[in-house]
Amino acid sequence: MASPHHIAMELVDAKAGVSSSTVAVHHMFVVVLDGIETDIHEGTLHGNPGKVTVTSPGNLSADGLQSVLVRGGGGGTVAFTLCGDAAAEGVQSASFVQCGATRVDGARAVSVSRCRSVDVEQAGKVTLERCREVRLRGGGLLRATRCRRTDVESFGEVRLARCKGARADWCGSVEVEMCRVVDVSRCGAVTGDRCRVVNVSACGSVAVTHAVVKMLEEKQVQSQSQQPLSPHSSDSE
């Protein structure tokens, strides 16, 4: 058990006319904060540093925490800001801003901005901006802008813009705009404009203009995907 100086809970009064037990059933989050698991549907949990706050039924915010995992919430919404390791499982939607390592499993909507690493599985719509290392497995729509390395598999629709290096495998349609190096294999239609190099293998159709398009055998694409996607990129954003 943690000492009261390390983590504390402040609960607010339930609104008049609303049963707290009913709210708990429908909007109960499970929060793992610094290794301690707590059920919460209202109020605030304080970490050292940072805090988790239920801003309204089914809506939770996590700010400035070193390590935090959030589950459930009855299809709730979770927003992480300036956290180290941040993860969400089984929530309706999750957003991350300027976090370290982020992970999401089973969310309908995911938004990530300026995070070091992103790992998403079984999501609906995913929007990424200025992230470094991205791994995506299974989803509907992906929109990634200005990401360094993006590795995506089994998405229905993929749109990449100004990304330094990217790989798409077993996706539906793939659109690339002003990317540096993109490897696409076993996808449907590949379209785009103004990319440096686009390596394509076993795809339905290819229509990328103002780019060097290389039609490769599948094993060639797999071999290149194991190498650095953007060998000329620096560590700066």
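Predicted, not measured: the structure shown is a model, and the values here were computed from it. Only this structure's heavy atoms are used, side chains among them; waters, hydrogens and symmetry mates stay out. Each residue takes its place number in the sequence, starting with 1.
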Side-chain contact test, heavy atoms from C-beta onward, threshold under 4.5 Å: evaluate it for Lys164 versus Val181 and give yes or no.
no
Indicate yes or no: does Glu37 engage Arg71 in a salt bridge with an N to O separation below 4.0 Å.
yes
Step by step, would you call Val213 with Val206 a side chain to side chain contact (heavy atoms under 4.5 Å, CB included)?
CA-CA 9 Å; Val213 179; Val206 181; 4.0 Å; yes
Would you check if Leu65 and Leu33 make a side-chain contact, meaning some heavy-atom pair closer than 4.5 Å?
yes
Which residue, Val158, Val190, Val152, forms the side chain to side chain contact (heavy atoms under 4.5 Å, CB included) with Val184?
Val190
Does the side chain of Phe96 come within less than 4.5 Å of Thr81's, by heavy atoms?
no
Supply the atom-to-atom distance Asn59 CG to Gln92 CD, rounded to the nearest 0.5 angstrom.
10.5 Å
Can a donor-acceptor pair be found, under 3.5 Å and without considering hydrogens, that links the side chain of Thr102 to the backbone of Ser117?
yes
May I have the step-by-step check of side chain to side chain contact (heavy atoms under 4.5 Å, CB included) for Phe80 and Val68, ending in yes or no?
CA-CA 9 Å; Phe80 300 87; Val68 57; 3.8 Å; yes
So which atom in Trp170 and which in Cys187 form the shortest heavy-atom distance, rounded to 0.1 Å?
N-SG, 3.9 Å
Less than 4.0 Å between a side-chain N and a carboxylate O, is that true for Arg167 and Asp151?
yes
Supply the atom-to-atom distance Leu142 CG to Glu157 CD, rounded to the nearest 0.5 angstrom.
9.5 Å
Should we say atom CZ of Arg135 is surrounded by more than 12 heavy atoms from elsewhere, each under 6.0 Å from it?
yes
Among Thr150, Thr145, Val112, find the one that has a side chain to side chain contact (heavy atoms under 4.5 Å, CB included) with Cys131.
Val112
Minimum-distance pair of heavy atoms, taken over all atoms of Ser154 and Cys171:
N-SG, 3.8 Å
Glu133, CD atom: more than 12 neighbouring heavy atoms under 6.0 Å
yes
If you define the side chain from C-beta out and look only at heavy atoms, does anything of Lys125 sit under 4.5 Å from Thr127?
yes
Is there a path of hydrophobic side-chain contacts, each under 4.5 Å between heavy atoms of I, L, V, M, F, W or Y residues, that connects Val208 with Val212?
no
Check whether any side-chain heavy atom of Val182 sits under 4.5 Å from a side-chain heavy atom of Asn199, and report yes or no.
no
In short, Gly58 meets His27 closest at the heavy-atom pair CA-ND1, 3.3 Å
Once you round to the nearest 0.5 Å, how far does CZ of Arg114 lie from CD of Gln98?
6.5 Å
Donor-acceptor pair between Asp85 and Ser67 side chains, under 3.5 angstrom:
no
Nearest 0.5 Å, please: how far is SG in Cys179 from CZ in Arg194?
11.0 Å
Side chain to side chain contact (heavy atoms under 4.5 Å, CB included) evaluation trace for Val126 with Leu128:
CA-CA 7 Å; Val126 180; Leu128 309 174; 3.7 Å; yes
Lys/Arg N to Asp/Glu carboxylate O, Asp169 vs Arg186, below 4.0 Å:
yes
Is it the case that atom CZ in Arg108 sees more than 12 heavy atoms from other parts of the structure closer than 6.0 Å?
no
Under a 4.5 Å cut-off applied to non-hydrogen side-chain atoms, are Leu160 and Glu175 in contact?
no
Could you tell me whether Glu121 and Arg103 have a side-chain N and a carboxylate O separated by less than 4.0 Å?
no
Quick one, Phe29 with Thr38, criterion side chain to side chain contact (heavy atoms under 4.5 Å, CB included). Give me CA distance, side-chain angles, the key distance, then yes/no.
CA-CA 8 Å; Phe29 290 98; Thr38 305; over 6 Å; no
So which atom in Cys83 and which in Gly64 form the shortest heavy-atom distance, rounded to 0.1 Å?
SG-N, 3.9 Å
If we only count heavy atoms from C-beta on, is the Leu60 to Val52 side-chain gap below 4.5 Å?
yes
Here the gap from Leu141 atom CG to Phe155 atom CZ, rounded to the nearest 0.5 Å, amounts to 8.5 Å
Would a distance-only check, ignoring hydrogens and angles, find a side-chain to backbone donor-acceptor pair under 3.5 Å from Ser201 to Leu216?
yes
Would you name the heavy atoms of Cys195 and Met178 that are closest together and state the gap between them?
SG-N, 3.7 Å
Where is the tightest heavy-atom contact between Arg132 and Arg148, given as atom of each residue plus distance?
O-CB, 3.3 Å
Distance-only side-chain donor-acceptor flag, Ser61 / Thr55, under 3.5 Å:
no
